[in-house]
Amino acid sequence: MFDAAAMEKLRCNIPSLAEFQDNIEIVEVEKPGFVTFTMDIPASLGNYRGGIHGGTGYFIGEIGCGFATYSLGVSNVCTSASINFIKAVPCCKVEARTEVVHAGRSTAVVRVSTYEAASGRLLFQSTHNMFLFGPLEEK
C-alpha cells in the first residue's frame, strides 16, 4: 500500500545510531495506522540478566507509535504512555504491530503489541497518547 518513499519517510522516526538503524525493519503498512516492524535486539539493549530491558520495550513502543501516526500523514509527539510487560525473554528478534485506537483532529491513541518473532509469544504491550501537529512537511 505504501511506496518506497512513504516507507522511507516512516524511518525518520528511528534514531540515527547504527544500533537502531541497522536493526529495525518496517515489514508492512497494512493501512494507515497499522504498521508491522521487526527489531533484532542486541545484547547491549538487554538487562543484567540478558533479557530485553524494560527501557528497550518502551523504546520499541515509542518507535511504533511514531510509525503509526506518521503513516496517517501527521506530525506528532507522544504526551504519555503506559506499558505492560507480559513475558520476559532473552534479547532476540521481535515483531511489533501498531494499531491506532483513536485518531482525532489533534490527538491519537496508539496501541503497540510486541511479540517474540520466533514463537509469536506476546512480550509487552504499550498504549501511547499522541498530540498531532498537522500534516507532515515535505523535506
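All values below come from the heavy atoms of this structure, side chains included, with hydrogens, waters and symmetry mates left out. These figures come from a predicted structure and were not determined experimentally.
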Enquirer: If you compare all heavy atoms of Ser113 against all heavy atoms of Gln125, which two are closest, and at what distance to 0.1 Å?
Expert: OG-NE2, 2.7 Å
Enquirer: Could you tell me which residues satisfy salt bridge (Lys or Arg N to Asp or Glu O under 4.0 Å) with Glu99, sequence neighbours excluded, listed by chain and number?
Expert: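 By the salt bridge (Lys or Arg N to Asp or Glu O under 4.0 Å) rule, Glu99 matches Arg111.
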Enquirer: Please give me the minimum heavy-atom distance between Leu72 and Ala103, naming the atom from each residue.
Expert: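 Nearest pair, atom of Leu72 first, then Ala103: CD1-CB, 4.2 Å.
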Enquirer: For a quick test of reading the model, state the closest non-hydrogen atom pair linking Gly120 to Tyr115 and the distance between them.
Expert: O-CD2, 3.3 Å
Enquirer: Measuring from Cys92:SG to Glu116:CD, what's the distance to the nearest 0.5 Å?
Expert: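 So the gap between those two atoms works out to 4.5 Å.
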Enquirer: For Thr127, give me all partners under side chain to side chain donor-acceptor pair (under 3.5 Å), at least two apart in sequence or on another chain.
Expert: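 Partners of Thr127 by the side chain to side chain donor-acceptor pair (under 3.5 Å) criterion come out as none, since no residue qualifies.
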Enquirer: How long is the straight-line distance from CZ of Phe131 back to SG of Cys78, given to the nearest 0.5 Å?
Expert: 13.0 Å
Enquirer: Which distance, rounded to the nearest 0.5 Å, do you find between the CD1 of Ile24 and the CE of Met39?
Expert: 4.5 Å
Enquirer: Under the side chain to side chain contact (heavy atoms under 4.5 Å, CB included) test against Ile52, which residue among Leu123, Asn47, Leu45 passes?
Expert: Leu123
Enquirer: Answer yes or no: is there a side-chain heavy-atom contact under 4.5 Å between Phe37 and Ile63?
Expert: yes
Enquirer: Can you tell me how far CG of Leu122 sits from OG1 of Thr114, rounded to the nearest 0.5 angstrom?
Expert: 8.0 Å
Enquirer: Any pair with a residue in residues 50-62 that passes side chain to side chain donor-acceptor pair (under 3.5 Å), sequence neighbours left out, goes on the list, sorted by first then second residue, please.
Expert: Tyr58-Glu62
Enquirer: Shortest non-hydrogen contact from Gly46 to Cys91?
Expert: CA-SG, 3.5 Å
Enquirer: Side-chain heavy atoms nearer than 4.5 Å, only ILVMFWY residues, links allowed to pass through others: does that put Phe67 and Val109 together?
Expert: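 No, Phe67 does not connect to Val109 through the hydrophobic network.
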Enquirer: Who are the side chain to side chain donor-acceptor pair (under 3.5 Å) partners of Thr38, not counting sequence neighbours?
Expert: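 By the side chain to side chain donor-acceptor pair (under 3.5 Å) rule, Thr38 matches no residue at all.
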Enquirer: How many angstroms lie between NZ in Lys31 and OG in Ser71, if you round to the nearest 0.5 Å?
Expert: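 Atom-to-atom, Lys31:NZ and Ser71:OG are 11.0 Å apart.
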Enquirer: Should Phe124 and Ile86 count as side-chain neighbours, where that means a heavy-atom distance under 4.5 Å?
Expert: no
Enquirer: Looking at Arg105 and Leu132, what are the two nearest heavy atoms and their distance?
Expert: O-CB, 4.2 Å
Enquirer: Specify the closest pair of heavy atoms between Val112 and Cys65, including all atoms of both residues, with the distance to one decimal.
Expert: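 Of all heavy-atom pairs spanning Val112 and Cys65, the closest is CG2-N, 3.8 Å.
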Enquirer: Only counting residues at least two apart or in another chain, list the ones meeting ring pair (Phe, Tyr, Trp, His ring centres under 6.0 Å) with Phe34.
Expert: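 Partners of Phe34 under the ring pair (Phe, Tyr, Trp, His ring centres under 6.0 Å) test: none.
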Enquirer: State, yes or no, whether a side-chain contact exists between Val27 and Glu95 at a heavy-atom distance under 4.5 Å.
Expert: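 Val27 does not reach Glu95 side chain to side chain.
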Enquirer: In Å and rounded to the nearest 0.5 Å, what is the CD1 to CZ distance from Ile14 to Phe20?
Expert: 10.5 Å
Enquirer: Let me check something: do Val77 and Val100 share a hydrophobic cluster, defined by ILVMFWY side-chain heavy atoms less than 4.5 Å apart, either directly or through other members?
Expert: no
Enquirer: Which residue pairs pass the side chain to side chain donor-acceptor pair (under 3.5 Å) test when at least one of the two sits in residues 79-93, sequence neighbours left out?
Expert: Ser80-Asn129
